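A short worksheet on the structure shown next.
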Protein chains: 2
Amino acid sequence: MLAAGKNSKRRATRLRDPEYTRERLLQAAFREVYRSGFQSASLDTILASAGVTKGALYYHFQSKEALGYAVVEEVIAPDVRGTWLRPLQSVKDPIDALIGIVQGISVRPEVVRGGCPLNNLAQEMSPLDAGFRKRLAIVFHAWREAVASVLREGQTQGSVRRDVEPTDAAGLLIAMVEGYGSLAKNAQDPKVMKAGIRNIVDWLRSLRPPGNRKRG
Amino acid sequence: MLAAGKNSKRRATRLRDPEYTRERLLQAAFREVYRSGFQSASLDTILASAGVTKGALYYHFQSKEALGYAVVEEVIAPDVRGTWLRPLQSVKDPIDALIGIVQGISVRPEVVRGGCPLNNLAQEMSPLDAGFRKRLAIVFHAWREAVASVLREGQTQGSVRRDVEPTDAAGLLIAMVEGYGSLAKNAQDPKVMKAGIRNIVDWLRSLRPPGNRKRG
DNA sequence: CTGCCAACATACCAACCAGTATGTATGGTA
DNA sequence: TACCATACATACTGGTTGGTATGTTGGCAG
């Protein structure tokens with residue numbers, strides 16, 4: 001039936017590899033939810049994007065809701081961990097590290113237009129579904145705690161001002177990142193995000209103790 | 001047919017007052033869109049909330065999209081003008097005025113849980129519908145310009161630091177407000193918004209020239 | 001070779017969606 | 001009093017939704 005099955009070697013087993021199918025579903029669901037929101041992302045569109053059928057979906061997930069939860073836990077959360085948590089493990093200068101991450105935020109047009117997947121889902125689903133809300137809150141909390149943690153370390157080693165409240169500052173940083181993300185998404189303009197990144201970086205520099213200021 | 005029509009005086013004309021019906025539709029649409037997003041707000045729900053029927057809706061608006069556009073222009077935009085633009089007209093101290101507005105942001109649970117109507121719609125519809133995007137961008141632009149304007153005035157009269165770039169600072173303020181709004185909406189917790197307001201106010205105070213600092 | 005179960009595919013469903021076609025009451029005008 | 005446009009109300013439609021019931025296939029145990 002499948003023409004590709006003729007000359008495929010061991011890769012043919014993928015045609016019946018449940019983990020592979022599950023992963024395809026998760027990625028497709030993420031794409032469509034990212035594009036049009038969870039509620040408006042139809043199962044048929046997700047299935048078409050994944051290249052599987054409804055039977056496969058409901059074999060792996062018991063509902064659309066469950067699929068959405070899995071997207072949060074298995075796609076969005078790992079993405080935040082990779083972008084914010086891992087780079088903050090064992091750094092020498094927290095401010096430098098945070099500046100590096102913020103400057104590494106993508107300003108490609110399609111990313112700016114799509115916004116932050118975490119924030120998108122939180123905005124849409126937090127008031128409507130407690131299951132989404134809790135899972136997203138866990139991600140936000142881990143994010144803030146990771147930032148607050150390096151700021152505390154920076155304070156003990158003298159690279160961060162003592163009068164900074166780490167948790168507050170971490171929350172402010174996240175609010176700035178998400179806020180500028182929203183503005184840039186509405187403007188559909190990478191320039192807005194670039195300007196935002198500059199302002200956030202300036203603010204991050206202001207967290208250094210007086211006299212310890214590096215370049216600028 | 002209507003029992004209430006018996007003893008109603010001139011108010012009975014409201015039963016056939018097109019402007020009144022239109023306004024009810026706008027308010028109901030705003031409520032439902034605020035509750036569940038534009039795409040997920042069904043016309044039947046809006047109509048039930050407004051207490052009118054589909055015939056009335058399609059007499060006043062040519063489509064659901066047109067109704068949504070009208071909500072932006074006739075409900076959301078005036079709300080932002082009333083909250084941010086009007087209070088900033090002819091103030092003596094811009095920083096004080098901005099602090100006053102920020103501290104006036106509602107922290108009632110239902111408002112925190114619902115988030116900012118402007119940001120909600122922008123997040124949902126900006127990438128999907130240019131008509132929404134443009135109308136919302138106009139509101140954001142007016143908001144930022146109003147803040148930037150008072151900051152410029154403050155600079156000429158000496159109540160705002162000269163090294164502050166008014167447009168940048170205005171954008172940062174809005175990003176903070178919307179960003180904290182998002183975090184508080186996800187947390188479903190007024191405390192998050194209160195903490196955000198304190199941090200924003202602290203940042204606003206830092207815009208004052210050195211030596212001109214009032215209380216704190 | 002045979003059964004059997006995991007891993008899907010296909011066909012179908014009631015509910016709901018935005019939108020439309022048509023009916024009707026009302027107040028003003030001639 | 002007859003007429004008529006305005007301002008709706010009601011009934012209906014084709015298409016889409018998430019979900020289900022049932023059919024089919026591949027690979028491995030025995």
Side-chain angles (χ1 to χ4, degrees), chain A residues 1-2 4-6 8-26 28-29 32-33 35-71 125 128-129 131-132, chain B residues 1-6 8-26 28-29 32-33 36-71 125 128-129 131-132:
Chain A
M1 208 140 196
L2 270 167
K6 275 194 172 183
S8 61
K9 305 173 186 179
R10 76 188 57 186
R11 200 167 178 280
T13 66
R14 281 226 161 150
L15 292 174
R16 300 278 295 194
D17 183 341
E19 290 186 34
Y20 180 68
T21 302
R22 202 188 126 94
E23 186 62 25
R24 282 183 65 89
L25 276 166
L26 281 175
E32 294 307 314
V33 168
R35 186 165 308 173
S36 50
F38 176 77
Q39 298 177 100
S40 296
S42 89
L43 290 184
D44 287 341
T45 310
I46 292 172
L47 293 172
S49 173
V52 298
T53 60
K54 205 165 278 191
L57 168 62
Y58 279 93
Y59 177 79
H60 289 283
F61 304 95
Q62 65 161 325
S63 66
K64 186 192 180 188
E65 202 177 51
L67 175 62
Y69 293 172
V71 167
M125 298 307 296
L128 298 177
D129 185 300
F132 271 108
Chain B
M1 210 143 198
L2 270 167
K6 276 193 169 183
S8 61
K9 305 172 184 180
R10 76 188 55 189
R11 198 166 180 280
T13 66
R14 280 232 160 145
L15 292 174
R16 300 278 295 191
D17 183 340
E19 290 187 34
Y20 180 69
T21 301
R22 202 187 125 94
E23 186 61 24
R24 281 183 66 89
L25 276 166
L26 280 175
E32 294 308 313
V33 169
S36 51
F38 175 76
Q39 298 177 101
S40 296
S42 90
L43 291 185
D44 286 341
T45 310
I46 292 172
L47 294 171
S49 173
V52 299
T53 61
K54 206 164 278 192
L57 169 62
Y58 280 94
Y59 176 79
H60 289 283
F61 303 94
Q62 66 162 327
S63 65
K64 186 192 179 186
E65 201 177 51
L67 174 62
Y69 292 171
V71 167
M125 298 308 296
L128 298 177
D129 185 299
F132 272 108

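None of the values given here were measured: they were computed from a predicted structure. In the text below, chain A, chain B and the rest are named by the order of the sequence lines, each starting its count at 1.
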Given D:dT17, is OP1 or OP2 found less than 4.0 Å from the side-chain N or O atoms of A:Ser42?
yes

Picking from D:dG18, D:dC8, C:dA18, which would you name as closest to the side chain of B:Leu43?
C:dA18

For atom CD1 of A:Ile46 and atom P of D:dG18, their distance in whole Å:
8 Å

Take atom CD of B:Gln62 and atom C1' of C:dT20, then tell me their distance rounded to the nearest Å.
14 Å

What is the distance, to the nearest angstrom, from the CD atom on A:Gln39 to the C1' atom on C:dC16?
14 Å

Between A:Leu25 and A:Tyr59, is any pair of side-chain heavy atoms under 4.5 Å apart?
no

Could you tell me the separation between the CG atom of B:Leu67 and the CZ atom of B:Arg22, rounded to the nearest 0.5 Å?
9.0 Å

Find the distance A:Asp44:CG to D:dT17:P and express it as a whole number of Å.
6 Å

Heavy-atom pair of closest approach, residues B:Tyr58 and B:Lys64:
OH-N, 4.3 Å

Short side-chain N/O contact to D:dC8 OP1/OP2 from B:Thr21, under 4.0 Å
yes

Assign each of A:Gly55 and A:Phe38 the nucleotide of DNA chain D bearing its closest heavy atom; nearer the 5' end lies the nucleotide of A:Phe38

Take atom NZ of A:Lys54 and atom P of D:dT22, then tell me their distance rounded to the nearest Å.
17 Å

Would you kindly say whether B:Thr45 and B:Glu32 are connected by a side-chain donor-acceptor distance under 3.5 Å?
no

What's the closest nucleotide to the side chain of A:Thr53 if the choices are D:dC8, C:dA9, C:dG19?
C:dA9

Does B:His60 make a side-chain N or O approach to OP1 or OP2 of D:dA7 shorter than 4.0 Å?
no

B:Val71 side chain reached by B:Val33 side chain, heavy atoms, under 4.5 Å:
no

Let me know the distance between CG of B:Asp17 and C1' of D:dC8, rounded to the nearest Å.
13 Å

To the nearest angstrom, the CZ-P distance between A:Arg24 and C:dC8 comes to 11 Å

D:dG19 phosphate, OP1 or OP2: any side-chain N/O from A:Tyr58 under 4.0 angstrom?
yes

OH of B:Tyr59 versus P of D:dC8: gap in Å, rounded?
7 Å

